[in-house]
Amino acid sequence: MSVKISILGAENARQYLIQQHKRTQSAIIKSMDQVGFFMEGEVKESIAGHRAEPSSVDTGQFLQSIEHQVSSDINSKEMQAVIASNVEHAQYLEYGTSSIAPRRHFQNSLARNQRKVQEMLANNVSKI
Amino acid sequence: MIRDDLIANITDPISAQRASDEKFILTSYPKRAVKYPIITVRNMGASTPEKLGIQSTLHLIEMPIEIRVWARNEIERTELAQNVINRLRSVELSLTAAGNLLDFTVNSMVPVDEVGEANVKSFVITVGYRFILGA
């Protein structure tokens, strides 16, 4: 006596999962970009003095230098959105020195919006 | 508690030259002239509280603490930073027992090098603890 087992639609299921994977990756990249834009805006608002921190605008160089970049390797275990400035004195304004108090534009912006960013990411991924 | 532990266990490289009213470990950034090296320990507040259950009155909060090592040169800065982290790492369990500070982590270490006359080299070390509020 023998028993035969057939799985129907396995190939269709496999193709569906591949498509879902691509949709999920695309949603994650879009979501990270959205978060990057949002946080970039928040840091700029902080630098402009529209948040709790004092304004750090003089020539506007620091404010204009804030940019965000999303890591493009979707297959890596971590995706990152990095908000940064390439201005040399950014670190002195952020962390302070022996003669000036820290402004913490980046750290405070992150602390204020951490929950909101998590919700944004969760909402976008849940819509897939 | 953390500041007191560091005061008792981190050696001041210039203790012989420091006046009696000058401190090696402070709880805020110095507002007047100080003799370097110094260490500042600042509580950065609490963030992302989570309730530990729907019917629980306990909250788990994250407590980041900024420990900044201010030194005269890079070697001194690195040595002091290592001493601080080694000390906190080694007393993790006793701080848990004494102060309910859990899950010690070193979140970041950022070097900030000043230029010019001041020329102070500092490491901004952010460590994190978790604390159960209501326990």
Side-chain angles (χ1 to χ4, degrees), chain A residues 35 38-39 42-43 45-47 51-54 56 58-59 61-62 65-69 71 77-123, chain B residues 22-24 26-51 59-73 76-77 81 107-128 130:
Chain A
V35 161
F38 170 73
M39 284 306 302
E42 280 295 309
V43 170
E45 290 287 349
S46 171
I47 292 169
R51 298 287 182 265
E53 298 75 41
S56 296
D58 181 16
T59 63
Q61 183 195 18
F62 180 38
S65 71
I66 307 298
E67 286 181 342
H68 83 276
Q69 192 172 19
S71 62
K77 286 184 181 173
E78 259 186 25
M79 279 205 78
Q80 288 183 337
V82 178
I83 294 89
S85 164
N86 60 1
V87 160
E88 192 186 339
H89 57 273
Q91 59 176 325
Y92 305 129
L93 289 168
E94 180 70 11
Y95 294 107
T97 66
S98 55
S99 49
I100 64 170
R103 303 284 172 103
R104 300 188 198 282
H105 298 295
F106 291 84
Q107 292 169 80
N108 286 359
S109 297
L110 176 63
R112 275 192 293 267
N113 295 289
Q114 192 170 354
R115 200 179 281 274
K116 184 162 183 179
V117 161
Q118 286 170 342
E119 285 170 4
M120 280 169 74
L121 288 168
N123 279 343
Chain B
E22 289 175 344
K23 292 184 184 171
F24 172 46
L26 295 83
T27 51
S28 62
Y29 284 15
K31 290 183 178 51
R32 52 181 181 173
V34 292
K35 281 200 192 94
Y36 294 101
I38 59 169
I39 297 175
T40 53
V41 180
R42 297 176 69 214
N43 186 347
M44 305 302 291
S47 62
T48 57
E50 291 176 39
K51 275 197 74 176
H59 286 75
L60 180 68
I61 59 174
E62 309 259 350
M63 280 179 52
I65 293 173
E66 182 197 277
I67 302 171
R68 187 163 180 172
V69 171
W70 310 71
R72 296 167 290 183
N73 54 63
E76 187 174 73
R77 171 181 74 178
N107 293 329
S108 64
M109 277 178 69
V110 179
V112 179
D113 295 343
E114 294 176 39
V115 294
E117 238 181 84
N119 203 28
V120 177
K121 312 282 184 197
S122 55
F123 250 138
V124 184
I125 307 168
T126 307
V127 301
R130 290 180 166 188

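Every value quoted in this text rests on a predicted model; they were computed, and no experiment measured them. All heavy atoms count here, side chains included; hydrogens, waters and symmetry mates do not. Just so we're on the same page: letters track the sequence lines, and every chain starts at 1.
Under the 4.5 Å side-chain criterion, counting only non-hydrogen atoms from C-beta, B/E62 is not in contact with A/Q114. No side-chain heavy atom of A/Y95 sits less than 4.5 Å from a side-chain heavy atom of B/S122. By the 4.5 Å heavy-atom criterion applied to side chains, A/Q107 and B/P64 are not counted as neighbours.
For B/K35, the NZ atom sits in a packed shell: over 12 heavy atoms of surrounding residues, nucleotides or ligands are nearer than 6.0 Å. Within a 6.0 Å sphere centred on NZ of A/K116, other residues, nucleotides and ligands contribute 12 heavy atoms or fewer.
In this structure, B/Y36 and A/S98 approach most closely via the heavy-atom pair OH-CB, 3.0 Å. Nearest approach of A/G96 to B/R68, heavy atoms of both residues: O-NH2, 2.8 Å. Nearest heavy atoms, A/Y92 versus B/V115: OH-CG1, 4.0 Å. Looking at every heavy atom in both residues, A/Q91 comes nearest to B/P111 through OE1-O, 3.6 Å.
Within the 4.5 angstrom heavy-atom criterion, atoms from both the backbone and the side chain of B/V112 approach chain A. If you measure heavy-atom distances from B/V110 to chain A, the contacts under 4.5 Å come from the side chain alone. Looking at B/R32, neither its backbone nor its side chain comes within 4.5 Å of chain A, counting heavy atoms on both sides.
In this structure, OH on B/Y29 lies 9.5 Å from OG1 on A/T97, to the nearest 0.5 angstrom.
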